[in-house]
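Throughout, protein chains are lettered first and strands after them, A, B, ... in sequence-line order, and every chain is numbered starting at 1.
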Amino acid sequence: MPSIRLGRLSQEEDFRRVYREGSRRTTALLVLHARPNGTESVRVGLVVGRRLGGAVARNRVRRRLREAIRAERGRIRSGADLVVVPRRAAAAASYAALRGAVCVALDQAGMGGAAEERGR
RNA sequence: GGAGCAGGCCGGGCGGUCGCGGCGCGUUUCGCGUCGAGGAAAGUCCGGGCUCCGCAGGGCAGGGUGCCGGGUAAUCCCCGGCGGGGGCGACCCCAGGGAGAGUGCCACAGAAACAUACCGCCUGACGGCUACAUCCGUCGGGUAAGGGUGAAACGGCGGGGCAAGAGCCCGCCGGCGGCCUGGUAACAGGUCGGCCAGGCAAACCCCACCCGGAGCAAGGCCAUAUAGGGGGAGAUGAGGCGGCCCGCUGAUCCCCGGGUAGGCCGCUUGAGGUCCCGGGUAACCGGUGAUCCUAGAGAGAUGACAGCCGCGCAAGGGUGCCGUGAGGUACCCCGGCGCACAGAACCCGGCUUACAGGCCUGCUCCCCUG
RNA sequence: GGCCCCAUCGUCUAGGGGACCAGGACGCGGCCCUCUCAAGGCCGAAACGGGGGUUCGAAUCCCCCUGGGGCCA
C-alpha cells in the first residue's frame, strides 16, 4: 500500500501498468517489478500486504525497504517505475538482508529494463 | 521475614551522522530553525460532540437498560450504599424489577412436574380359615408423616395430637402480608397475623425508563467534462423525511448513453492536562488563580549506522565463605544475545483485550525477635 | 478509517435448550459383488473456533476474545 519519495507511485493505474508491462525479478525476500517510464524521474511503489503482519511489522518492513532503496539508488537507471513487493519472509529479515536483496534485484532488473527498451 | 489483597505510575536514557512528514523563516533546483505516536494509538463494545438528511413532531414496530441514591455532555461507564455468594482476613464476584396477569417449557426417571396417590400406614364392609384376635384376598374411605425417582415433590427441626396422619395445634427458624421505628431510597430492626402458591423471564411476555437515521469514504467549495444527448413519469401530487403509518414538505424525479474519478476546506486548542484553594465519604464539581499547551499524513511521515550507560537472560573464568563431595552463595572480570504489547487518520469520555521488566502507597494473615 | 455478516466431520451443509442429537451428501478406510475396474450394497473413522456466564442441563441463550468474508468516494 505505501510508497516512497524520490518520486512515488500512487495511482492504481500506474501499479497495474508496471505489473502488466514491466519485467519481474524474484528473490527469497521480495519481488521487484520494473518498467521504463520514458521520463527522467524514478518512481517507486511499495506494496506491503497484510500477510506481513500487524501495522508495526508492516511499517518496519516498509521503512527498511525505503532506506535500502535510498542507499542503493545509484544502481537504478533513470526513467524507471519500480514496484517492490516484500514476501512473507521479509517480515523477519534484518535490514542488511533486505538491502542485499534490493541490491541483487536492482542489478538484474536494471539490465532487463535496458534490454527491453532496446527491443522496442 | 514469608504469603497475599487493593490502588496508582513508568514502560529504556543520553548525545552524534545520513534520511522522512508538518510548520515558520531565508540570499526559494536548496538551506536553517522547530515539533513529530500510545497507555492501550488496538478491538469497534457503549456514550457524546460535529456534519448532512427541511423540522427531529406523534404512534406502531424494533432495539437497549433494569436493587437504591448520586456523578456526568452522555452511557451498558464511574462513585457511594443495600441485598446475595465466596474467602481465616485485607478484599473479591453478581443482567440483582415482575413467576400473587397470561402463554410456554421442565428431557430421563418417577404415581405425580403443579396438582397427583405406586408402594406403604390407618380404617369400614364382605369373603377365606375354627371364634369378634392374628393373617390373606376383593371393593370403598382417610392420609401425605415413611420408601423410592429426580436438578426440583403444596417449608425445616422438635413436641403435642390422632385410627393413622397433616400448621391440625404449640415453640424456634425460614418465607409471606399488615402495622410501627430508622433511613431520601433500596432496605434493616421490632411486633402482630397466619401457614397461603415449585423452577425457568440471558423463554415469549408484563412494567418502568431511554433511543429519529446515517456516518469525516459525513459534508461543503473549486476545477475538468464527444454534452448540456435520447426515452419516460409528474400540482388529479413527482420525489423526499428511519422499516411502516399519521403528519410535514412541495418540483423535480427515474432509465439509457457519456464524462470526471483531481485540488482545497472539514483537520486539530479541547466537556484539555498539571499544581494550588474551596465544597463533597467518593465519583466529581466550582475558582477573576498559576502554569503547560504544539503529530496532523493522504499508497499514508519515526528508519539506517555506530557509541556510552541502564535492565534482563543463559553460559564461561577468577577470588572469598559453607559443604567430605556433587554443589550452593557473595563479589569481580571478559566477550555474547535480547529490551514487552504494539503505530495516530474527525475529536473526546468510558469499557474490553494485549503487555518483558520495574517503582510507589495503603492494608490483611502467618512466623520470628523485642 | 467506518459499517455489516459468518463460524458444525477433510469439503458443502441440517439442527434455534433435553428425547431420532450431534444427522445427511461428496470424499476417505474396510468388506461383499465382478475375471478386473467403475457403478451398486453393507460396515466404519471423522466435527459444534476458544474462554466465561445463565439453566438441573447449552452446538443452541447472553458477554468477551480469535479467525474468515462483504460493503462505502
remark   = Regarding B:G63, purine or pyrimidine glycosidic angle vs 90° from 0 gives anti

query = Do NZ/NE/NH1/NH2 and the carboxylate oxygens of A:Glu67 and A:Arg70 come within less than 4.0 Å?
reply = yes

ask   = How far, in whole Å, is C:G69 from C:C63 if one measures between their C1' atoms?
value = 23 Å

request  = Provide the distance between the two C1' atoms, one in B:A109 and one in C:A19, to the nearest whole Å.
outcome  = 13 Å

query = When the distance from CZ of A:Arg73 to P of B:C18 is rounded to whole Å, what number comes out?
reply = 13 Å

Watson-Crick or G-U wobble partner of B:G19, both distances under 3.5 Å = none

task = In whole angstrom, give me the gap between the C1' atoms of B:A74 and B:G81.
result = 24 Å

key: Where A:Arg87 and A:Leu52 come nearest, the two heavy atoms and their spacing   = O-CD1, 3.4 Å

Considering only nitrogen or oxygen atoms on both sides, find all protein atoms under 3.5 Å from nucleotides 304-306 of chain B and state each distance.
{"unit_1": "B:A304", "atom_1": "OP1", "unit_2": "A:Arg64", "atom_2": "NE", "d": "3.1"}
{"unit_1": "B:A304", "atom_1": "OP1", "unit_2": "A:Arg64", "atom_2": "NH2", "d": "3.4"}

key: Heavy-atom pair with the smallest gap, counting every atom of A:Leu32 and A:Ala105   = CD2-O, 3.5 Å

query = Is there a Watson-Crick or G-U wobble partner for B:A218 with both distances under 3.5 Å, and if so, which one is it?
reply = none

ask   = Which way is the base of B:G318 turned, syn or anti, if we draw the line at 90° from 0?
value = anti

Which residues share a side chain to side chain contact (heavy atoms under 4.5 Å, CB included) with A:Val56, sequence neighbours left out = A:Arg60

key: Rounded distance [0.5 Å steps], CZ in A:Arg88 versus CG in A:Leu30   = 16.0 Å

query = For B:A330, does the O4'-C1'-N9-C4 (purine) or O4'-C1'-N1-C2 (pyrimidine) torsion place it in syn, i.e. within 90° of 0, or in anti?
reply = anti

Nearest-Å distance once atom P is located in both B:G362 and B:C173 = 47 Å

message = If I pick the P atom on B:A40 and the same atom on B:G7, what distance separates them, to the nearest angstrom?
response = 15 Å

inquiry  = To check you understand the geometry: which heavy-atom pair defines the closest contact between A:Ala34 and A:Val18, and what is its length?
reply    = N-CG1, 4.2 Å

query = Whole Å only: how far is the CZ atom of A:Arg58 from the C1' atom of B:A342?
reply = 12 Å

task = Take atom C1' in B:A61 and the same atom in B:G243, then report the distance between them in whole Å.
result = 8 Å

message = Taking pairing as Watson-Crick or G-U wobble with both contacts under 3.5 Å, can you name the mate of B:G171, or confirm there isn't one?
response = B:C157

key: Among B:U302, B:A37, B:G303, the nucleotide that comes nearest once only the side chain of A:Arg66 is considered   = B:U302

message = Counting only Watson-Crick pairs (N1-N3 plus N6-O4 or O6-N4) and G-U wobbles (N1-O2, O6-N3), all under 3.5 Å, who is the partner of C:G67?
response = C:C6

request  = Have a look at B:G327 and give me syn or anti from its glycosidic angle (syn if within 90° of zero).
outcome  = anti

key: Point-to-point distance, once rounded to the nearest 0.5 Å, from CG of A:Asp81 to CZ of A:Arg35   = 6.5 Å

request  = Answer syn or anti for C:U55, where the cut-off is 90° from 0 on the glycosidic torsion.
outcome  = syn

message = What's the gap between B:C106 and B:G86 when it is taken at their C1' atoms, as a whole Å value?
response = 30 Å

ask   = OP1 or OP2 of B:U302 sitting under 4.0 Å from any side-chain N/O of A:Arg63?
value = yes

Which atom pairs, donor and acceptor, lie under 3.5 Å between side-chain atoms of residues 89-100 of chain A and protein residues at least two apart or in another chain?
{"unit_1": "A:Ser94", "atom_1": "OG", "unit_2": "A:Ala97", "atom_2": "N", "d": "3.3"}
{"unit_1": "A:Arg99", "atom_1": "NE", "unit_2": "A:Glu72", "atom_2": "OE2", "d": "2.8"}
{"unit_1": "A:Arg99", "atom_1": "NH2", "unit_2": "A:Glu72", "atom_2": "OE2", "d": "3.4"}

message = With a 3.5 Å limit on both atom pairs, tell me what B:G177 is paired to, counting Watson-Crick and G-U wobble, or say none.
response = B:C192

query = In whole Å, what separates the C1' atom of B:C211 from that of B:C363?
reply = 44 Å

ask   = If pairing requires Watson-Crick or G-U wobble contacts with both distances under 3.5 Å, which nucleotide is the partner of B:C313?
value = B:G336

